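All values reported here derive from a predicted model rather than from experimental measurement. Here, residue 1 is the first one in the sequence, and each next residue gets the next number.
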Amino acid sequence: MADVSHKLDVLRGHCDAEGRDYNAIEKTIIGRLDPSGDVSGFLTEMEEYAKLGVDLVEVAPAMPDPARYVTQLGEKVVRPLAEIG
């Protein structure tokens, strides 16, 4: 978390130096998630990233069965994640 916060601060500094609108840049990270694991912990982590200004989190299958991964993602993660904003 501290690493992402630092990188966003650096980005903000570069934007200020170049006269670029920091808020016009979509901030994206790659999240690690096993939807059969600690979904609550993942959601808490994503909430913290959202507070830092991260706009988009990309995830990829973390198990050998991508269809099962997507199903579990939809059943356990999508709705609570949408509520974070």
Side-chain angles (χ1 to χ4, degrees):
M1 189 74 55
D3 194 36
V4 171
S5 178
H6 172 72
K7 289 178 181 184
L8 292 173
D9 287 342
V10 170
L11 176 61
R12 187 183 311 275
H14 288 302
C15 287
D16 290 345
E18 296 298 321
R20 174 96 192 254
D21 181 4
Y22 171 83
N23 293 317
I25 298 172
E26 184 176 69
K27 278 65 103 189
T28 304
I29 63 168
I30 298 174
R32 293 184 179 92
L33 169 65
D34 176 355
S36 64
D38 184 10
V39 172
S40 178
F42 175 79
L43 293 170
T44 298
E45 185 178 7
M46 294 306 106
E47 189 169 22
E48 293 300 315
Y49 283 124
K51 289 176 186 175
L52 291 176
V54 172
D55 301 300
L56 176 67
V57 177
E58 303 229 356
V59 295
M63 58 179 65
D65 184 353
R68 184 170 152 248
Y69 177 84
V70 172
T71 299
Q72 288 186 353
L73 193 68
E75 291 173 350
K76 298 178 180 180
V77 180
V78 172
R79 187 169 309 191
L81 190 58
E83 293 173 6
I84 290 172

Q: Give the intermediate values and the outcome of side chain to side chain contact (heavy atoms under 4.5 Å, CB included) for residues Lys27 and Val4.
A: CA-CA 10 Å; Lys27 278 65 103 189; Val4 171; over 6 Å; no
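Legend: residues meeting side chain to side chain contact (heavy atoms under 4.5 Å, CB included) with Lys7, ordered by chain and number and at least two apart, are Asp3.
Under the 4.5 Å side-chain heavy-atom criterion for ILVMFWY residues, no single connected hydrophobic cluster contains both Ile30 and Leu8. The hydrophobic cluster containing Ile29 also contains Ile84, counting ILVMFWY residues as joined when their side-chain heavy atoms lie under 4.5 angstrom apart, directly or transitively. A continuous path of hydrophobic side-chain contacts links Ile25 to Tyr49 [ILVMFWY only; heavy atoms under 4.5 Å]. Cluster membership check: Val54 does not share its hydrophobic cluster with Val10, using side-chain heavy-atom separations under 4.5 Å among Ile, Leu, Val, Met, Phe, Trp and Tyr.
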With a 3.5 Å cut-off and sequence neighbours excluded, list the donor-acceptor pairs that the side chains of residues 12-24 form with protein atoms.
| unit_1 | atom_1 | unit_2 | atom_2 | d |
| --- | --- | --- | --- | --- |
| Asp21 | OD1 | Asn23 | N | 3.0 |

Give the table of side-chain donor-acceptor pairs shorter than 3.5 Å for residues 62-82, with sequence neighbours excluded, one pair per line with atom names and distance.
| unit_1 | atom_1 | unit_2 | atom_2 | d |
| --- | --- | --- | --- | --- |
| Asp65 | OD1 | Ala67 | N | 3.3 |
| Asp65 | OD1 | Arg68 | N | 3.3 |
| Tyr69 | OH | Ala60 | O | 3.1 |
| Thr71 | OG1 | Ala67 | O | 2.9 |
| Gln72 | OE1 | Ser36 | N | 3.4 |

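Here the closest heavy-atom approach between residue Glu48 and residue Met1 is recorded as CB-CE, 3.4 Å.
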